[in-house]
Amino acid sequence: MTTGEIDLSPFLKFAAEHVAVGIHAVDLKGKTILYNQKMKEIEGFDFEELVDRSLLEVFRFEQHESTLLQVLQTGEAVLNAKQTYWNRKGQQITTLNDTYPVAQGGQLIGAVELSRDVTTLEKVVYQPLKKYEEPITFNSITAVSDSMKKVIATAEKAATTKLPVLLIGESGTGKELIAEAIHWASSSSGQLNTLYCHGANEKLINQLNQELSGGTIYCERIDLLPPPLQVQLLKMAQKQINGDTYFIASVGEDPVELIASKKLLKELYYFFSAMTIQLEPLRNRKEDILPFIEDYLSRHRMYFGSRVSRLDEEVQSLFMTYDWPGNLKELELLLDETTSLVTTQESISVDLLPQHFKSKTMNKTALTPEDFIIRAGKDLLPLDDYLLEAEMYYLLKAMDLHGGNVTKAAAALGMSRQNLQYRLRKIKKNEAQT
């Protein structure tokens, strides 16, 4: 494209990379052809990881959940779509998306999505799992599952011994609640300070080092700190541990795998792992769902004077069969969204549930070959391409079910860890060659 004698390509490329809006463009097959720096900051991927790969492979969502795929199928724009999800770094992200079809010569050639990151604004309005005015103690944590009872028992021992603690669990499992409960149960004097490792910098860690005088410091997701800052955090913790400061940290994945992939400094793990506490994802302890909801609704009645006290049977069934990839955070976000519509109702019915949740949980049918074809109803894929897509879909669903843990996913699939890794690499290689 030119204007007179001026080639606009360098200007357009510069603008795409420096604009404060995430840009993600795909072709008719749903494969990425443009992914700018701002979108990388939001979602955590590099362009090289996405180029020529299917959206279904990379982002691991159902076809109807992607506005890009919706636009490819309908040819119509989807505007001002709000999406809250967990990116590859384990961070909860909220975006407002405008997605448009792209045509050339009257023919649809792809789609482009413009994403505005409104996560900070959302956190100002609402802090998941941290909105109660009273301190979080072990008595205020609702837990009936054996795994959570074990977590609380171990955490109570940690509070007594005041040894450094490492909390392990997926995003949204409630690690920050356990950290706060340990703080209040310990003999630690002073306040609870939280170091959010995503976005932390050298200046912040130095400031903590200078200002700490007792109390507890909870280092949330130390695996998200760059290696040089992990070294700095370790030095600060080793210096402060002999004083009155109590240290708790968390990671989002198996620490052994994090160390192997060089995302976690081995020495930092050793410092915090005097006591390790594993929090199971909500899908593995669904008996905690209804007590959590009962506690939530009790607080809602107390704070807002509502009458809501239970779920309808159909809603309860939906909640108990859903896998809750965002764990307790996702459940509480959903309850907040749902109860905002409550007036005089005493129970939560299906019609009060937000549409995005109903579309994921209701009227599910068995998978058909079309589920692996981005443009269902159009030309069929060649058999080899379909089999590759089906294998990719199945393997990545297994990885999702086990939180990205290759060892657990391989065991569930009845294959060796090496075999699963080989298959995943093969899929990636084949996709890159198509």
So does [Y] get a backbone contact from the side chain of [X], meaning a donor-acceptor N/O pair under 3.5 Å?
X    : Y    : value
S273 : T276 : no
N36  : G22  : no
T32  : L34  : no
S340 : E337 : yes
D254 : V256 : yes
S298 : E294 : no
S145 : M148 : yes
R116 : N97  : no
E170 : P281 : no
Q316 : R310 : no

Determine, step by step, whether L108 and V102 satisfy the side chain to side chain contact (heavy atoms under 4.5 Å, CB included) criterion, reporting the C-alpha distance in whole Å, the side-chain angles of both residues, the deciding distance to 0.1 Å, and the verdict. CA-CA 6 Å; L108 184 70; V102 179; 5.7 Å; no
Could you give the distance from [atom1] ([X]) to [atom2] ([Y]), rounded to the nearest 0.5 Å?
X    : Y    : atom1 : atom2 : value
I217 : N193 : CD1   : CG    : 6.0 Å
H183 : T137 : NE2   : OG1   : 12.0 Å
Q232 : L268 : CD    : CG    : 12.0 Å
W324 : R283 : CH2   : CZ    : 13.5 Å
R285 : I289 : CZ    : CD1   : 9.0 Å
E313 : L318 : CD    : CG    : 12.0 Å

Within-4.5 Å side-chain heavy-atom neighbours: [X] and [Y]:
X    : Y    : answer
L328 : L282 : yes
V251 : L166 : yes
E267 : L234 : yes
Y100 : V78  : no
T154 : V165 : no
I259 : L265 : no
K286 : D323 : yes
D336 : Y296 : yes

Please step through side chain to side chain contact (heavy atoms under 4.5 Å, CB included) for the pair H300 and L335, ending with a clear verdict. CA-CA 10 Å; H300 193 274; L335 290 172; over 6 Å; no
Using every non-hydrogen atom in the two residues, find where [X] and [Y] come nearest and quote the distance to one decimal.
X    : Y    : value
P101 : G75  : CG-O, 3.3 Å
A111 : V71  : CB-CG1, 3.9 Å
L352 : S347 : CD1-O, 4.1 Å
I248 : A179 : CD1-O, 3.6 Å
S140 : P135 : OG-O, 4.2 Å
T161 : M275 : OG1-SD, 3.8 Å

Step by step, work out the side-chain hydrogen bond (donor to acceptor under 3.5 Å, both in side chains) result for H24 and S115. CA-CA 8 Å; H24 188 180; S115 294; over 6 Å; no
Would you sort out whether K266 and Y270 count as a side chain to side chain contact (heavy atoms under 4.5 Å, CB included), showing the intermediate values? CA-CA 6 Å; K266 180 170 61 175; Y270 287 152; 3.3 Å; yes
For Q278, does the CD atom sit with more than 12 other heavy atoms under 6.0 Å from it, leaving out its own atoms? yes
With a sphere of 6.0 Å drawn around NZ of K157, does it hold more than 12 non-hydrogen atoms of other residues, nucleotides or ligands? no
Donor-acceptor pair between [X] and [Y] side chains, under 3.5 angstrom:
X    : Y    : value
S250 : Y218 : yes
T343 : Q345 : yes
Y246 : Q240 : no
T173 : N327 : no
E113 : T67  : yes

Option among I293, L297, D312, L341 that satisfies the side chain to side chain contact (heavy atoms under 4.5 Å, CB included) test with I348: L297
Between D27 and K29, does any side-chain N to carboxylate O distance fall below 4.0 Å? no
One thing to verify: whether D146 and K150 come together as a salt bridge, which I'm taking to mean a side-chain N less than 4.0 angstrom from a carboxylate O.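 Between D146 and K150 there is no salt bridge, as every charged N stays at least 4.0 Å from the carboxylate O atoms.
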Show your working on side-chain hydrogen bond (donor to acceptor under 3.5 Å, both in side chains) between Y322 and E330 and close with a plain yes or no. CA-CA 11 Å; Y322 182 54; E330 182 182 7; 2.7 Å; yes
Can you list the steps and then say if F292 with I141 is a side chain to side chain contact (heavy atoms under 4.5 Å, CB included)? CA-CA 9 Å; F292 181 87; I141 296 176; over 6 Å; no
